[in-house]
There are 2 protein chains.
Amino acid sequence: MALGRRKQLILQAIIEDYINTAEPVGSRTVSKKYLTNVSPATIRNEMADLEEMGYIEQPHTSAGRVPSDKGYRLYVDELMDKKALNEQEYEYIRREFMEVVGEIDLLIKQASRILSAMTKYASIVTAPQFKRTSLKHLQLIKVDNRNILAVIVTDAGIIKNSIIRIDNDIEDGILERINKILNHKLMGLSIAELMNIDIAKLEADVGPIIEYRQVLNKVLPELLQALRYSERVEVFSDGAANLLDLPEYSDVQKAKDFFNVLNENELLYELLNDVSNNITVTIGKENKIHQLKDCSLITATYSYNGKIIGSIGVLGPTRMKYSRVISIVDCLTQSLSEILTKIVK
Amino acid sequence: MALGRRKQLILQAIIEDYINTAEPVGSRTVSKKYLTNVSPATIRNEMADLEEMGYIEQPHTSAGRVPSDKGYRLYVDELMDKKALNEQEYEYIRREFMEVVGEIDLLIKQASRILSAMTKYASIVTAPQFKRTSLKHLQLIKVDNRNILAVIVTDAGIIKNSIIRIDNDIEDGILERINKILNHKLMGLSIAELMNIDIAKLEADVGPIIEYRQVLNKVLPELLQALRYSERVEVFSDGAANLLDLPEYSDVQKAKDFFNVLNENELLYELLNDVSNNITVTIGKENKIHQLKDCSLITATYSYNGKIIGSIGVLGPTRMKYSRVISIVDCLTQSLSEILTKIVK
DNA sequence: ATTAGCACTCAATGATAAAGAGTGCTAACA
DNA sequence: TGTTAGCACTCTTTATCATTGAGTGCTAAT
């Protein structure tokens with residue numbers, strides 16, 4: 001199964017030429033541009049072997065060869081030379097991130113923008129997973145006598161608001177008191193824990209005063225409900241239009257299929273929900289989503305304080321500049337994790 | 001200038017046929033499908049007149065006629081029969097809106113989804129304009145001894161958070177006190193007014209206590225800054241991919257140009273920032289943005305308590321189903337305004 | 001093992017012809 | 001005088017067919 005050295009070089013040549021030109025690569029081209037001391041005929045023989053082994057394929061008899069998914073896989077795993085980003089690009093990322101202030105969602109959206117701008121493919125990112133962070137502060141605010149606003153701040157700097165409707169007015173003092181108790185009892189719990197908390201037990205902690213219990217019973221279930229609701233997936237994507245520049249999407253129907261996938265947030269979430277620590281490359285038919293069988297996806301996770309809380313990814317054709325995209329994704333997750341951790345302190 | 005009745009009918013026939021088929025319309029078609037008691041020859045004569053008057057044009061000699069922008073304009077203003085939505089569609093809108101709970105941005109995004117789903121064109125919407133609403137409640141929350149969270153609730157139910165960094169710890173009691181004073185002084189002011197408030201004057205109101213003044217001086221400028229910042233345009237769009245189904249975008253380059261416009265939030269904001277009360281139809285070259293010279297835009301404003309706070313719009317080819325889109329936009333703004341007003345109460 | 005040579009395949013290109021849709025104009029008609 | 005049938009004309013669309021050229025696989029020579 002181990003490929004001879006020359007076969008490796010030829011495969012690499014074919015893949016890199018194809019990545020650059022999107023045209024099937026012939027033996028002549030390989031001989032002229034890559035392995036100048038080997039004749040086309042020899043290369044043809046090797047190519048026939050490579051095809052038999054499934055690394056490359058031929059669109060039709062009189063065309064050059066095109067890498068198969070298996071070919072790309074080998075390339076990504078073993079052949080490709082990984083070169084780091086240059087200083088300029090590195091700087092670019094930092095600078096673009098610096099421009100954003102304020103809410104965390106903006107930061108994430110900016111990451112998505114940077115990612116698609118640098119790669120010229122489509123980017124997708126998940127917002128920090130709320131439930132993986134833990135409660136730092138809870139504030140109940142009486143907006144008027146029908147509405148209470150609950151503000152939740154978590155350690156990763158995520159802020160969530162939710163309005164709680166109430167039937168009867170609640171006295172200021174009581175609400176404040178409940179707020180204090182809740183903060184005291186709940187601080188530090190992860191949101192996931194919080195969502196499953198035992199209301200009855202908490203009630204006991206509030207003490208015997210009937211008004212307190214009443215208010216708690218009114219407010220808490222609604223709050224938990226709101227939490228569960230706001231847990232829903234938040235996925236952003238950017239740069240889809242970039243793909244229209246690529247010859248593989250000169251067919252409008254293909255482009256449309258692709259865009260439709262990008263609009264299905266649940267699908268995207270699935271794609272990104274891989275919680276491995278490393279950069280993951282999914283090539284062509286390795287994708288579970290059949291609409292993406294001609295696409296490759298490169299994902300990585302970002303974290304806060306060493307805890308993985310979200311992912312970013314790049315979606316493009318299988319003919320993707322793997323090396324470059326991997327470098328970019330790598331750099332970006334690191335910057336993102338860094339900035340997140342810094343923001344909070 | 002007034003068009004004879006028959007010319008009107010012919011123009012209407014041409015436009016409606018063209019809207020449905022995207023094919024140039026010939027005299028034979030008009031005679032057969034629309035004006036069955038008039039011969040093609042007669043219609044040819046009329047069409048020659050209409051062309052001379054600039055209402056229709058000919059892609060080339062041996063093709064039928066196509067409406068010009070001027071033709072569409074007349075059609076929209078005078079010829080088109082406006083038919084209301086049927087009960088089902090009406091129901092659909094209400095139902096889809098009901099599905100959304102919680103934050104106002106979600107409601108707006110949902111409006112955008114509904115709009116593009118029903119029209120099969122691209123939709124764009126602006127989030128409620130923060131500065132046109134007025135302060136209902138301000139809450140300053142000490143998250144930790146370096147960060148204060150300011151939560152602003154306005155009468156239209158918009159909630160904004162912003163983190164304020166501080167160098168020195170602030171005592172709980174003082175912050176609470178300041179919070180009370182600010183609420184008392186600022187409640188009811190519009191955000192626009194708030195952004196231009198006189199800090200010195202407020203300082204006087206706080207009274208002579210030096211700590212209060214210090215805190216106010218630290219917190220308020222940052223708060224106003226955050227307000228100004230969060231005032232930035234928020235525009236959502238949806239359904240861009242719908243346009244790929246239309247023959248006018250079978251040319252990928254055109255599609256790309258269109259998508260690029262949709263990614264320029266500032267441009268979109270300009271488009272929507274028309275603050276007239278009615279539904280506005282902008283046809284083809286009437287558009288200031290030259291990339292949209294082949295597009296039509298239908299916009300309308302939504303309001304809260306009778307105050308206009310945002311707009312929604314539909315962007316499609318000039319060959320647009322004007323009547324239908326207008327009905328949908330109309331219905332949607334009404335529903336939206338209604339729901340907004342209800343939510344707040 | 002490598003390579004030159006050659007016949008073969010097949011998509012892409014381009015030229016040409018035929019078909020078809022629609023027009024404008026003229027002359028006849030009510 | 002407005003309407004219509006008839007017809008020549010224009011121009012796009014479509015199909016057909018030959019040509020070109022890139023690339024291959026195989027064979028025989030090195």
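Quick note on labels: first sequence line is chain A, next is B, and so on, each numbered from 1.
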Contact residues, residues 7-25 of chain B to DNA chain D [heavy atom, < 4.0 Å]: none

In chain order, what residues pass the side chain to side chain contact (heavy atoms under 4.5 Å, CB included) check against [X], with sequence neighbours excluded?
| X | answer |
| --- | --- |
| Val252(A) | Leu244(B), Val252(B) |
| Glu51(B) | Ile56(B), Gln58(B), Arg65(B) |
| Ser327(B) | Leu85(B) |

Angle between terminal axes - the helix from dA1(C)-dT30(D) to dA30(C)-dT1(D), 5 pairs each end, rounded to 10°: 20°

Between Ser116(B) and Asp238(B): side-chain donor-acceptor atoms closer than 3.5 Å: yes

Distance-only side-chain donor-acceptor flag, Glu264(B) / Asn260(B), under 3.5 Å: no

Which residues, if any, of residues 29-48 of chain B bring a heavy atom under 4.0 Å of DNA chain C? Arg44(B), Met47(B)

State whether the side chain of Lys70(B) and the backbone N or O of Met53(B) hold a donor-acceptor pair below 3.5 Å, judged by distance alone. yes

Excluding sequence neighbours, so at least two apart, what forms salt bridge (charged side-chain N to carboxylate O under 4.0 Å, His left out) with Glu248(A)? Arg319(A)

If a pair satisfies salt bridge (Lys or Arg N to Asp or Glu O under 4.0 Å) and one of its residues is in residues 79-89 of chain B, list it, with sequence neighbours excluded. Glu89(B)-Arg324(B)

Residues pairing under salt bridge (Lys or Arg N to Asp or Glu O under 4.0 Å) where one sits in residues 7-16 of chain A, two or more places apart or in two chains, turn out to be Lys7(A)-Glu46(A), Lys7(A)-Asp49(A)

Pair Lys120(A) + Asp245(A), salt bridge at N-O below 4.0 Å: no

Taking the basic N atoms (NZ, or NE/NH1/NH2) and the acidic carboxylate oxygens, is any pair closer than 4.0 Å for Arg73(A) and Glu286(A)? yes

N/O to N/O distances under 3.5 Å, protein versus nucleotides 10-15 of chain D:
unit_1	atom_1	unit_2	atom_2	d
dC11(D)	O2	Ser62(B)	OG	2.9

Where does the chain A footprint on DNA chain C start and end, counting 5' to 3' with a 4.0 Å heavy-atom cut-off? dT2(C) to dA11(C)

Just wondering, do Leu292(A) and Leu297(A) contact through their side chains at under 4.5 Å, heavy atoms? no

How about Met118(B) and Val325(B): do any of their side-chain heavy atoms sit closer than 4.5 Å? no

Determine whether the aromatic ring centres of residues Phe259(B) and Phe259(A) are separated by less than 6.0 angstrom. yes

Would you mind listing every side-chain hydrogen bond (donor to acceptor under 3.5 Å, both in side chains) that reaches into residues 289-300 of chain B, with sequence neighbours excluded? Ser296(B)-Tyr322(B)

